[in-house]
Protein chains: 2
Amino acid sequence: MKKVTMADVAKLANVSKSTVSQYLNKRYEYMSEETRKRIARAIEELGYQPNIIARSLKQKTTATIGVIVFNILHMLTIQVLHAIEEACQERGFHVIVCNTDDDPEKEKKYIEMLRAKQVDGLIIFPTGKNAEIYQKMVEERFPLIFVDRMVPGIKADAVLLDNKKAAALAVEYLAERGYQRIGVVAPPLVSHVIPRMERIEGFRQTLTEKGLPVIADYVVATEISSIQSELAKLFASGRPPQALFAINDLTLMEILHFVKNNGIHVPDDLALISIDDVPFADIYTPTLTTIAQPTFAMGKKAAERLFMQITKKQKHKPQIFRFPPTLIERKSVRQRGNHNDGRQ
Amino acid sequence: MKKVTMADVAKLANVSKSTVSQYLNKRYEYMSEETRKRIARAIEELGYQPNIIARSLKQKTTATIGVIVFNILHMLTIQVLHAIEEACQERGFHVIVCNTDDDPEKEKKYIEMLRAKQVDGLIIFPTGKNAEIYQKMVEERFPLIFVDRMVPGIKADAVLLDNKKAAALAVEYLAERGYQRIGVVAPPLVSHVIPRMERIEGFRQTLTEKGLPVIADYVVATEISSIQSELAKLFASGRPPQALFAINDLTLMEILHFVKNNGIHVPDDLALISIDDVPFADIYTPTLTTIAQPTFAMGKKAAERLFMQITKKQKHKPQIFRFPPTLIERKSVRQRGNHNDGRQ
DNA sequence: TTGTAAGCGTTATCAA
DNA sequence: TTGATAACGCTTACAA
């Protein structure tokens, strides 16, 4: 009762399917004004809508990309996704979004399904645990970009924050303001999650460069759910840190809960700086000094780079794009008095 | 060099394409152990991956749905999307996500493109301004669900918050605690954005029911960018409101900025309650009393209902699903002293 | 300037 | 238990 096809249009307009096809693809060059109008009328009359699936089958291209993320609720994910969607919109592409919850099995299934659906390329916020599959795509020259996390050993394009720099920014900022006992809070340090490692590495390194001690106890790296209790232990000890560096928005939230529940005053009792510019940074009291990621630029770059891969399917040497973090100075870190030697 | 097709598998396994097809669709009934193994081996050997596009063309079904949202950065959007994605995952469906920025033109283009791509159904957070197009889909019985906003006159399923109830909850809560001069802050009241209208309507109605005056000046409904200045005017006047009801998270943010910039103390100078349970509600000082939407349940319902439409393409009378809001009591509203008659 | 016909990679209907 | 063969709706040489 419903499906109008090109053949119907052709019949009604008294032309052949190919002519209709020409028309639809705007190849008007050799088409008489007359036929063009007849076709237009027929399409109108029948309410014809082309079937892109059929075209895709023939052309082997779907104008669709897949974006596989490990946490769709993450602010970073959403912002990058936004930029990707916008870039795709400009090019007439569509985005299939898949959420893995950081489960490699789901990721694997998604990659396979999306490739079966013939997406033209993939942007992945990887779990990091499907090396063989990533590798296979690289070998086949399938258009692929990693975002946020990269996977060691896989020669694919990646769009990342300059994580060491971000950590350095934080530590330098604190050090310059007289903080000496600086702690860091992070999720568990697992080796395949590169940004975490890089941030901690940058933290340690910068501390050393600044001549400050790296105190093992001040490195809190544990499940989000136990950050509160770990912090409690830390602050129950004799010498709690003077400042805390939150490696991302999730850990920042935990710290904020902790200070609220324990009546710790920021920045007087404890200075705070974090990576990820949370939306409430400047309504919180005190406003929060953060290190922002250029999320929109990152998403845009990922999309553009993917389009490049899609259009010119040459070899292209894999590139890692490191985006610079930006320190946004607010009030959660203040200048420490010089007379204070660090004791409470 | 790459594309392995069913024909290749068939040749290698020494069977016909149809047999391979049977195998892939797990119709093993009449298949000899022997051929089954041969096919399995051939698939393995060639690294064959089925082309779902071809299958879709034949079967007229893509196992893909489209989700068109008017603001992908909205927290509500993201949470509902999350639930939709999860429900789709369970059913082997994929989700194409499109962001319209509340632009009806974009929405129109997206709807057309997605239908051309033969998606099996559409979940739309509508701009509300493409009535003819929505109507056409309804008439064609194309699977369609509206979320968050509904469109008057369009007989389609919709998943919504019980907006009047939400507003009533807020006003009752304030009234019961002795607040009399209650204001509301909202984006511009345009008639096609139903939830806004419903919330304001609920606000007014409940105020009246509680015997409280509806003061025109206390209804701030304006562009987000000018909320601050409108609030400034309001508070510069002799009798500012004792409590403010933020119609959504965006307006809440503006109010929060305003109180911070003007040294207004919450809840002592001004009580605050809002729809949308923002992530920082319980780290803010004071913690924020909010009215939460059951976002996950809403997304799940939208997906399930869409699947129902997709599977049984019968008439089905359109239903509006109203989800109950939940008041989460925190500290941004306190009991007012009875001796206070409302004057400052 | 327009039409014919051969695909694209599946599935489905019959036969064998 | 398996195999021909014709769709599915479109694109694209090549002819006319």
Side-chain angles (χ1 to χ4, degrees), chain A residues 1-43 46-64 112-113 115-120, chain B residues 1-40 42-43 46-64 92 112-113 115-120:
Chain A
M1 63 155 209
K2 209 175 55 207
K3 282 291 129 182
V4 181
T5 120
M6 225 171 64
D8 301 322
V9 175
K11 197 177 326 156
L12 186 73
N14 251 304
V15 294
S16 76
K17 286 196 304 175
S18 24
T19 308
V20 177
S21 176
Q22 300 291 164
Y23 174 88
L24 289 172
N25 293 287
K26 311 209 187 298
R27 303 210 56 73
Y28 299 137
E29 1 254 79
Y30 303 107
M31 201 175 299
S32 70
E33 185 63 25
E34 163 65 7
T35 24
R36 202 186 318 178
K37 279 195 182 146
R38 278 217 312 285
I39 295 176
R41 192 144 11 90
I43 288 178
L46 297 170
Y48 167 73
Q49 295 282 155
N51 179 329
I52 293 196
I53 289 288
R55 173 204 308 224
S56 291
L57 180 56
K58 184 72 189 175
Q59 293 189 160
K60 299 146 140 9
T61 176
T62 53
T64 304
E112 280 167 1
M113 281 304 294
R115 294 209 54 187
K117 275 195 181 160
Q118 314 297 118
V119 295
D120 295 338
Chain B
M1 62 156 208
K2 209 175 55 206
K3 282 290 130 181
V4 182
T5 121
M6 222 170 67
D8 301 322
V9 175
K11 195 171 335 149
L12 185 71
N14 251 306
V15 295
S16 76
K17 288 194 302 176
S18 4
T19 308
V20 178
S21 177
Q22 299 289 159
Y23 174 88
L24 289 173
N25 293 287
K26 314 209 185 296
R27 302 216 55 75
Y28 299 136
E29 359 255 81
Y30 304 108
M31 200 176 300
S32 71
E33 185 63 26
E34 162 65 8
T35 26
R36 202 185 320 175
K37 280 195 183 148
R38 275 218 313 285
I39 296 176
I43 288 179
L46 297 169
Y48 167 74
Q49 293 284 154
N51 179 331
I52 294 195
I53 289 289
R55 175 205 307 230
S56 291
L57 179 58
K58 185 73 190 172
Q59 293 189 159
K60 297 146 140 13
T61 176
T62 52
T64 304
E112 281 167 0
M113 280 304 294
R115 294 208 55 187
K117 275 196 183 162
Q118 313 296 115
V119 295
D120 295 338

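Below, chains carry the letters A, B, ... as their sequence lines are ordered, and counting in each starts from 1. Because only heavy atoms are used, hydrogens play no part in the values below, and waters and symmetry mates are left out as well, while side chains stay in.
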Show me the donor-acceptor pairs within less than 3.5 Å that the side chains of residues 47-54 of chain A make with the rest of the protein, sequence neighbours left out.
unit_1   : atom_1 : unit_2   : atom_2 : d
Asn51(A) : OD1    : Ile53(A) : N      : 2.8
Asn51(A) : OD1    : Ala54(A) : N      : 3.1

task: Counting heavy atoms from C-beta on, name the nucleotide in dG3(D), dG9(D), dT11(D) closest to the side chain of Arg55(A).
output: dT11(D)
message: Within the 4.5 Å heavy-atom criterion, are Ile43(A) and Tyr23(A) side-chain neighbours or not?
response: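 Yes, close enough: below the 4.5 Å cut-off.
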message: Side chains of Leu12(A) and Asp8(A), heavy atoms from C-beta outward: is any pair under 4.5 Å?
response: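 In short, these two side chains do not touch, never coming nearer than 4.5 Å.
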Just how far, in rounded Å, is [atom2] of [N] from [atom1] of [X]?
X: Asp8(A); N: dG9(D); atom1: CG; atom2: C1'; answer: 10 Å
X: Tyr48(A); N: dG9(D); atom1: OH; atom2: P; answer: 10 Å
X: Gln118(A); N: dC10(D); atom1: CD; atom2: C1'; answer: 16 Å

field: Pair Thr64(A)-Lys117(B), side-chain donor/acceptor within less than 3.5 Å
entry: yes
message: Heavy atoms only, 4.0 Å cut-off, all strands: where does Ser32(A) land among base, sugar-phosphate and nothing?
response: sugar-phosphate
- request: Looking at every strand, decide which applies to Thr35(A) at a 4.0 Å heavy-atom threshold: base, sugar-phosphate, or nothing.
  value: sugar-phosphate
query: Listed by chain and number, what are the salt bridge (charged side-chain N to carboxylate O under 4.0 Å, His left out) partners of Arg36(B), not counting sequence neighbours?
result: Glu33(B)
- request: Would you please name every residue forming a salt bridge (charged side-chain N to carboxylate O under 4.0 Å, His left out) with Lys60(B), sequence neighbours left out?
  value: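 Lys60(B): no salt bridge (charged side-chain N to carboxylate O under 4.0 Å, His left out) contacts found.
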Considering residues at least two apart in sequence or located in another chain, which fulfil the side chain to side chain donor-acceptor pair (under 3.5 Å) criterion with [X]?
X: Thr62(B); answer: Asp120(B)
X: Arg55(A); answer: none
X: Ser16(A); answer: Ser18(A), Thr19(A)
X: Lys17(B); answer: none

task: Give me the first and last nucleotide of DNA chain C, going 5' to 3', that has any atom under 4.0 Å from a heavy atom of chain B.
output: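 Both ends considered, the range comes out as dG9(C) to dA12(C).
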- request: Please report how far the helix from dT1(C)-dA16(D) to dA16(C)-dT1(D) bends, comparing the axis fitted to its first five pairs with the axis fitted to its last five, to the nearest 10 degrees.
  value: 40°
- prompt: Under 4.0 Å: is that the gap between some side-chain N or O of Thr19(B) and OP1 or OP2 of dG3(D)?
  reply: yes
field: Pairwise 5' ranking along DNA chain D for Arg36(B) and Ile52(A), keeping only the more 5' one
entry: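 This one resolves to Arg36(B).
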statement: Result for 5'-nearest mapping on DNA chain D, choosing between Asn14(B) and Val20(A), is Asn14(B)
Pick out the pairs of N or O atoms, protein on one side and nucleotides 5-8 of chain D on the other, that lie under 3.5 Å.
unit_1 : atom_1 : unit_2   : atom_2 : d
dA7(D) : N3     : Lys58(B) : NZ     : 2.7
dC8(D) : O3'    : Lys60(B) : NZ     : 3.3

query: With sequence neighbours excluded, what pairs up with Ser21(B) under the side-chain contact (heavy atoms from CB on, under 4.5 Å) test?
result: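 Applying side-chain contact (heavy atoms from CB on, under 4.5 Å) to Ser21(B) gives Met6(B), Asn25(B).
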